[in-house]
Number of protein chains: 2
Amino acid sequence: MKDVARVAGVSPMTVSRVVSGEAGVAPDTAARVEQAVRRLGYQRNDNARHLRQKDLGTSTIGLVVDDLANPFYALMARSVEDEAHRRGYVVLVGSTNDEPRREREVIAAFTARQVDGLILVPTIGGHGFLKQPMRAGTRVVCVDRPARGLAVDTVTVDNRAGARRAVTHLLDHGHTRIAYLGDRYDIWTQAERHAGYVAALTDRGLPSDPALVRHGLRSREGTHAALAELRELADPPTAVFTSNDLITLGVLDGVGHPPDVAVVGFDDLPLGERLDPPLTVVSQDPVALGGTAANLLFSRIEGDSSAPRSVILLTRFVERGSGRLPGRNL
Amino acid sequence: MKDVARVAGVSPMTVSRVVSGEAGVAPDTAARVEQAVRRLGYQRNDNARHLRQKDLGTSTIGLVVDDLANPFYALMARSVEDEAHRRGYVVLVGSTNDEPRREREVIAAFTARQVDGLILVPTIGGHGFLKQPMRAGTRVVCVDRPARGLAVDTVTVDNRAGARRAVTHLLDHGHTRIAYLGDRYDIWTQAERHAGYVAALTDRGLPSDPALVRHGLRSREGTHAALAELRELADPPTAVFTSNDLITLGVLDGVGHPPDVAVVGFDDLPLGERLDPPLTVVSQDPVALGGTAANLLFSRIEGDSSAPRSVILLTRFVERGSGRLPGRNL
DNA sequence: TTGAAAGCGCTAACAT
DNA sequence: ATGTTAGCGCTTTCAA
């Protein structure tokens, strides 16, 4: 900036004014400065700028998800990024792998860089470490799951109702031996979906047979193996409810052609309607989740200090056929 | 930091030393400082730190992709993030939508924040604006596509050979009317894949019929419509080569049950093996692309100033059946 | 082992 | 309309 000032024959303050588009600079002076800027290829150091402008923030937000490679979070991330871009913000991203330690590391790195806000898919771990940054002005919004004991805006979907609807569908089609295959039970969404599964059974006066419930599935292969085990039971399931897309894929790996087990899954899959029979799912909208979270965050950043809100978006039950098997009803 | 110093009864300089883990502080002094840090919940402002430490960089890199919501780039992003996290770096992400203007905006926002490096899926636009930041020390690596006229490390896959292999497979199974359905031709990967398509035909002495070639497809719906048009031809195609995952999905939307057209696509799909018949694809490895790009970038950041390298990763041809239809060979 | 002074690049607040 | 001074939070350098 000093160099530009020297070349343009003005003071650094004038360069600052021109570069920041402030009024009150004579047109020909501004032109001289702009020419010097171009000649030197000067670009302002925004970190230094934000250091001085204490009240204006850094125009940077952090997005912390479970796994950025998961298409669900990728869609969410894109949606957050679009909202941020629209407002002139940039986005730092990090994946936690659902490990509280990595979550802490990532968030610490973000707050050390003075992010104005944080959109967080929280792990099971405590979040006391957020208190201090929040007091210092960092706004926080949780998405996909709430954080235990953290009073912040939270955007989720009706996991329990969605799962209940799906399992009810299986019951409606004559299934009574319905398996639940889920990810780690300590993940809030998974516990909710399991609760929905149990609720649907309870609605019909059926007990939940522990032998048909598997938690902690984290891969296609592991799910495939779990399904194979269930088939060895004396009284095997005739239907399976899968609690996320990865687990649905694992189950599909293990059902025959044509399938010998009915399947309904949480989360839609790109080719779901193309399977034989087409896949019935509970579908959620990651773009809406991300967009809503971003809008909440930015309204907080812009000064909204009302009580924390909790937004629950609706899932959609998409009936395509896979829940009616083995072709006993139609 | 001043507050911590006051509480601990030392100078800010001593706090700085303790917080940065520098040697030469008496153990009991350090203990007093650490206690004050905890009591006040102090966290260092890394932006201010990096402002002063000119030579150490900001430990921040930027990742600029076409579309973060695309599973391919999401996997790449996760891979880059893992490498960055391992080294104590954080990652700014941005999507360009393949619009040169948005690419410029995103990159400008990143360089203004003094990123140490940039991993870039370049748009078709010029990249002269990178010259200045590069002179100022920002390292740049291109991934998925090269940037015209930008001499930097570049990681791509053998798009042309992969496409040629796929189309050859269709020819081997008796198809001679093979359509090409692709995204915008000005995207380097798409032009390469089209060239591979043409090369495979030429290998057999066949001309490329312009009536069977469609560029610029950007959605499932648009692709579906394009396929419908091709079917209206007097001499319609018996096979289709699709140049990316989205286009493959669009074509699958439009083929019958069972399919009346053979399909081979670039990029694998999660349920591809589960279709009837299973989907034959040219598969590339986004995790390897991202990891390789990140490793190149970090070795540059760590001082490697050898001539720019070009790394070409191999695609894998995954034959599953959909290219053999309509069941005339086996 | 500790601290004081100066300055990273920028801008708020006050001159002129 | 432009410039001067001081200071954002930290660290380099040098002195004690």
Side-chain angles (χ1 to χ4, degrees), chain A residues 1-34 36-37 40-60 108-109 111-116 132-133 136-138, chain B residues 1-34 36-37 40-60 108-109 111-116 132-133 136-138:
Chain A
M1 190 155 182
K2 264 192 273 188
D3 296 343
V4 174
R6 192 164 354 90
V7 169
V10 297
S11 79
M13 196 54 232
T14 299
V15 177
S16 171
R17 289 188 176 107
V18 172
V19 167
S20 301
E22 274 178 46
V25 179
D28 54 335
T29 312
R32 260 187 9 258
V33 170
E34 273 158 14
V37 164
L40 300 183
Y42 167 77
Q43 190 186 18
R44 183 177 59 198
N45 179 333
D46 276 0
N47 286 344
R49 171 167 218 239
H50 297 138
L51 182 60
R52 188 61 177 91
Q53 298 187 309
K54 281 266 58 189
D55 35 351
L56 284 193
T58 57
S59 293
T60 305
T111 54
R113 285 169 179 77
Q114 315 296 114
V115 292
D116 298 332
Q132 190 55 37
T138 306
Chain B
M1 190 154 186
K2 264 194 271 188
D3 296 342
V4 174
R6 193 164 353 90
V7 169
V10 297
S11 79
M13 197 52 236
T14 300
V15 177
S16 171
R17 288 187 177 108
V18 172
V19 168
S20 300
E22 274 178 45
V25 180
D28 54 335
T29 312
R32 264 192 358 265
V33 170
E34 273 157 14
V37 164
L40 300 183
Y42 167 77
Q43 191 186 19
R44 184 177 57 198
N45 180 334
D46 276 359
N47 286 344
R49 171 167 219 238
H50 297 138
L51 181 60
R52 189 62 176 88
Q53 297 187 307
K54 282 266 58 186
D55 34 349
L56 284 193
T58 57
S59 294
T60 304
T111 54
R113 284 171 180 76
Q114 314 297 115
V115 292
D116 298 333
Q132 189 56 36
T138 305

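Labels below follow one simple rule: chain letters A, B, ... track the order of the sequence lines, proteins then strands, and each chain is numbered from 1. No experiment lies behind these values; they were computed from the predicted model shown.
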Whole Å only: how far is the [atom1] atom of [X] from the [atom2] atom of [N]?
X	N	atom1	atom2	value
B:H50	D:dC10	NE2	P	12 Å
A:N45	C:dT11	CG	C1'	13 Å
B:Y42	D:dG9	OH	C1'	7 Å
B:K2	D:dC10	NZ	P	10 Å
B:N47	D:dC8	CG	P	16 Å
A:R32	D:dA1	CZ	P	14 Å

Inset, instruction - Could you encode protein contacts along nucleotides 11-16 of chain D as a string, one character per nucleotide from 5' to 3', using B for base contact, S for sugar-phosphate-only contact and - for no contact, with a heavy-atom cut-off of under 4.0 Å? - result: BBB---
Legend entry - Pairwise 5' ranking along DNA chain C for A:Q43 and B:A26, keeping only the more 5' one: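 Looking at the nearest nucleotide for each, B:A26 comes out on the 5' side.
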Inset, instruction - Please tell me which of B:L51 and B:A23 maps to the more 5' nucleotide of DNA chain C, matching each residue to the nucleotide holding its nearest heavy atom. - result: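 The residue closer to the strand's 5' end, by nearest nucleotide, is B:A23.
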Inset, instruction - Would you tell me if any nitrogen or oxygen in the side chain of A:K54 comes within less than 4.0 Å of OP1 or OP2 on C:dT11? - result: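 No, because none of the side-chain N or O atoms of A:K54 sits under 4.0 Å from OP1 or OP2 of C:dT11.
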Legend entry - Flag, side chain of A:R113 to backbone of A:T58, donor-acceptor distance under 3.5 Å: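 No, the answer is negative, given that no donor and acceptor are paired below the 3.5 Å cut-off.
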Legend entry - Any donor-acceptor pair under 3.5 Å from B:R17 side chain to B:E22 backbone: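 It does not hold such a pair.
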Legend entry - Of the listed nucleotides D:dG3, C:dT2, C:dC10, the one nearest the side chain of B:T29: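 Of all the options, the side chain of B:T29 is nearest to C:dT2.
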Legend entry - Option passing side-chain contact (heavy atoms from CB on, under 4.5 Å) with A:Y42 (candidates A:V7, A:D3, A:V19, A:V33):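 The passing option is A:V19.
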Inset, instruction - Sequence neighbours left out, what passes side chain to side chain donor-acceptor pair (under 3.5 Å) with A:T111? Give chain and number order. - result: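 With sequence neighbours excluded, A:T111 shows a side chain to side chain donor-acceptor pair (under 3.5 Å) to B:Q43, given in chain and number order.
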Inset, instruction - Kindly write out the residues that satisfy side chain to side chain donor-acceptor pair (under 3.5 Å) with A:Q53, not counting sequence neighbours, or none if the list is empty. - result: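 Once residues adjacent in sequence are excluded, A:Q53 has no partner under the side chain to side chain donor-acceptor pair (under 3.5 Å) criterion.
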Inset, instruction - Give me the one residue out of B:R44, B:R49, B:H50 that meets side chain to side chain donor-acceptor pair (under 3.5 Å) with B:D46. - result: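 Filter result, single survivor: B:R44.
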